[in-house]
Amino acid sequence: MDDFFKEKGYIPALHPGEKEIYPEVHGFERRQPVAVTLGTSYDLWCLAQLANELGIKADYELFMKQSFNYRNLFNEQTKFFHPKDEKGNFIMPFDYVFAGGQGAREYYGENNAWIYRWDVQHNIPDLINLMGGNQLFVQYLDEMFQQPLGRSKFDFYAQLPDHTGNVGQFSMANEPALHIPYLYNYAGQPWMTQKRIHKLIGEWFRNDLMGVPGDEDGGGMSAFVVFSQMGFYPVTPGLASYSIGSPFFRKTTLSLPNGKSFVIIGKNASAKNKYIQSATLNGKPLNSTELKHADILKGGTLEFILGDKANKNWAN
């Protein structure tokens with residue numbers, strides 16, 4: 001299967017009822033061909049960044065080329081990442097909610113196609129282009145948050161027990177979904193990221209018995225909450241920058257290892273006042289949803305003026 005991936009650029013899927021031929025594939029975990037293809041595409045991008053830092057140009061160019069392998073499973077007709085068989089044919093017919101058996105593992109991994117539709121953190125501009133541009137990209141994001149489960153909760157969670165914390169088909173409880181609310185930033189609607197982040201954290205991370213929406217694997221969900229409440233999140237690990245959301249607190253201070261401090265001010269911050277009206281970094285206007293890690297390490301102050309109505313001109 002590794003050789004097939006290197007030659008064809010994707011992990012092949014089995015048709016329903018087709019027997020596994022690779023002894024390395026775990027009987028319960030299955031191939032997870034779409035999830036593995038997308039995840040490996042990101043891994044290859046990470047290797048490219050390392051090669052670039054080391055000055056190994058040939059490896060950088062090879063791994064960057066392979067980091068586009070996610071394109072090999074993109075279905076132009078449906079705008080989903082869709083499993084293909086060894087001959088290069090899409091598995092048909094196909095249900096983007098329930099196909100793949102227990103945990104969708106025959107095609108995806110714990111989450112269904114609606115979550116893996118966005119699993120290209122390393123090249124979001126290209127994903128936007130594949131989906132037809134900013135307007136359609138935002139439309140598809142909105143549809144995910146509005147799409148019903150399709151069956152009763154009992155039947156849905158019997159098949160997809162890890163796909164919890166649902167808002168439509170979005171899952172707040174699993175790592176492949178954590179970056180998704182920030183994707184509006186990349187398509188020109190940062191106010192929607194600000195709205196989604198506050199709504200999701202308010203609903204799913206409350207200070208009561210329902211305050212953990214799923215499995216806290218390795219601190220992933222806690223990291224999402226801590227970063228998001230400060231006001232930003234590392235959408236693309238491997239890039240030394242963060243995507244700005246909306247701060248929950250009126251003042252947050254980061255004590256840095258170099259002895260400096262980075263202060264985040266959320267003026268008027270409250271559950272109601274979640275929309276960024278304006279922002280400054282060390283007194284200079286900031287009109288971008290990107291916060292560079294280098295600017296944090298320098299120390300200083302990031303100040304947001306917040307209000308109860310979206311400012312659609314900020315960072316757009």
Side-chain angles (χ1 to χ4, degrees), residues 124 134 138 141-142 145 165 167 170 172 178-208 211 213 219-237 239-316:
I124 297 167
N134 286 352
V138 167
L141 278 169
D142 288 341
F145 285 104
V167 179
F170 173 77
M172 188 68 263
L178 297 181
H179 71 290
I180 294 175
Y182 285 88
L183 295 181
Y184 290 97
N185 280 348
Y186 299 81
Q189 292 195 10
W191 64 90
M192 283 300 299
T193 282
Q194 297 156 28
K195 177 182 177 179
R196 293 288 186 201
I197 291 299
H198 274 261
K199 189 173 189 297
L200 289 166
I201 289 180
E203 287 180 349
W204 291 110
F205 297 97
R206 307 189 307 267
N207 186 23
D208 59 30
M221 285 195 301
S222 294
F224 169 82
V225 174
V226 170
F227 270 115
S228 294
Q229 290 191 323
M230 286 194 297
F232 49 89
Y233 184 74
V235 168
T236 308
L239 281 182
S241 64
Y242 306 87
S243 191
I244 290 174
S246 172
F248 281 57
F249 305 115
R250 301 199 172 189
K251 183 178 182 181
T252 303
T253 302
L254 298 178
S255 299
L256 304 173
N258 58 14
K260 297 180 181 180
S261 295
F262 187 75
V263 180
I264 303 118
I265 301 293
K267 192 171 182 181
N268 307 320
S270 68
K272 184 179 180 182
N273 295 326
K274 54 182 171 284
Y275 295 108
I276 296 172
Q277 306 301 302
S278 63
T280 57
L281 178 62
N282 297 324
K284 297 180 180 179
L286 177 66
N287 196 38
S288 168
T289 58
E290 182 184 34
L291 174 64
K292 295 181 179 179
H293 187 68
D295 287 330
I296 294 178
L297 291 181
K298 292 175 186 175
T301 301
L302 174 62
E303 182 171 357
F304 298 99
I305 308 298
L306 302 167
D308 63 352
K309 291 182 175 61
N311 177 7
K312 297 183 179 181
N313 293 318
W314 183 79
N316 188 20

TODO: Give a yes or no on whether the backbone of Lys274 and the side-chain of Ser246 come within a donor-acceptor separation of less than 3.5 Å.
DONE: yes
- [ ] Output yes when a side-chain donor or acceptor of Gln277 lies under 3.5 Å from a complementary backbone atom of Trp314, and no otherwise.
- [x] no
Open item on the list: Working note: Val225 + Trp204, criterion side chain to side chain contact (heavy atoms under 4.5 Å, CB included); need CA distance, chi angles, decisive distance, verdict.
Closed with: CA-CA 10 Å; Val225 174; Trp204 291 110; over 6 Å; no
- [ ] Just do the side-chain hydrogen bond (donor to acceptor under 3.5 Å, both in side chains) check on Tyr182 and Ser228 with the steps written out, would you?
- [x] CA-CA 10 Å; Tyr182 285 88; Ser228 294; 2.7 Å; yes
- [ ] Answer yes or no: is there a side-chain heavy-atom contact under 4.5 Å between Gln229 and Ile201?
- [x] yes
Task: Separation of Arg250 CZ from Leu306 CG (nearest 0.5 Å) - done: 9.5 Å
Open item on the list: Measuring from atom CG of Asn313 to atom OG of Ser278, what distance do you get when rounded to the nearest 0.5 angstrom?
Closed with: 12.0 Å
Task: Ile305 to Glu303 - nearest heavy-atom pair and separation - done: CD1-OE2, 3.9 Å
- [ ] Kindly compute the distance separating CD1 (Ile197) from CZ (Phe224), expressed to the nearest 0.5 Å.
- [x] 4.0 Å
Task: Residue pair Phe304 / Ile264, side-chain heavy-atom distance below 4.5 Å - done: yes
Open item on the list: Nearest 0.5 Å, please: how far is OG in Ser255 from CZ in Phe262?
Closed with: 13.0 Å
- [ ] Apply the test side chain to side chain contact (heavy atoms under 4.5 Å, CB included) to residues Leu286 and Thr280: give CA-CA distance (whole Å), side-chain angles for both, the deciding distance (0.1 Å), then the verdict.
- [x] CA-CA 5 Å; Leu286 177 66; Thr280 57; 5.8 Å; no
Open item on the list: Quick check for you: to the nearest 0.5 Å, what is the distance between Phe145 atom CZ and Lys199 atom NZ?
Closed with: 9.5 Å
Task: side chain to side chain contact (heavy atoms under 4.5 Å, CB included) evaluation trace for Tyr233 with Leu178 - done: CA-CA 10 Å; Tyr233 184 74; Leu178 297 181; 3.5 Å; yes
Task: Min side-chain heavy-atom separation Met192-Leu141 under 4.5 Å - done: no
Open item on the list: Lys195 vs Tyr275, test: side chain to side chain contact (heavy atoms under 4.5 Å, CB included). Steps then yes/no.
Closed with: CA-CA 7 Å; Lys195 177 182 177 179; Tyr275 295 108; 3.7 Å; yes
Task: Nearest-0.5 Å distance that lies between atom CG in Leu302 and atom CG in Asp295 - done: 9.5 Å
Open item on the list: Minimum heavy-atom separation for Asn282 and Gly300, please, with both atom names.
Closed with: OD1-CA, 3.1 Å
- [ ] May I ask you to establish whether Arg196 and Tyr184 are in a cation-pi arrangement, using a distance under 6.0 Å from NZ or CZ to the six-membered ring centre and at most 45° from the ring axis?
- [x] no
- [ ] Check for a donor-acceptor pair, side chain of Asn185 on one end and backbone N or O of Thr193 on the other, with a separation under 3.5 Å.
- [x] no
Open item on the list: Which heavy atom of Leu200 sits nearest to which heavy atom of Pro181, and what is that distance?
Closed with: CD1-CG, 3.5 Å
TODO: Check the pair His198 / Phe248 against ring pair (Phe, Tyr, Trp, His ring centres under 6.0 Å), numbers first and verdict last.
DONE: CA-CA 8 Å; His198 274 261; Phe248 281 57; 3.9 Å; yes
Open item on the list: Below 30° counts as parallel, above 60° as perpendicular, anything between as tilted: where do the rings of His293 and Tyr242 land?
Closed with: tilted
Open item on the list: How close do Pro247 and Ala269 get, counting heavy atoms only, and between which atoms?
Closed with: O-CB, 4.1 Å
TODO: Keeping the roles fixed (side chain from Gln194, backbone from Ile276), state whether a donor-acceptor pair exists under 3.5 Å.
DONE: yes
Open item on the list: Is any side-chain heavy atom of Gln189 closer than 4.5 Å to one of Trp191?
Closed with: yes
- [ ] Answer yes or no: is there a donor N or O on one side and an acceptor on the other, between the side chain of Asn287 and the main chain of Ala315, under 3.5 Å?
- [x] yes
Task: Atom CG of Asp208: over 12 foreign heavy atoms under 6.0 Å - done: yes
Open item on the list: Please give me the minimum heavy-atom distance between Pro234 and Pro237, naming the atom from each residue.
Closed with: O-CD, 3.6 Å
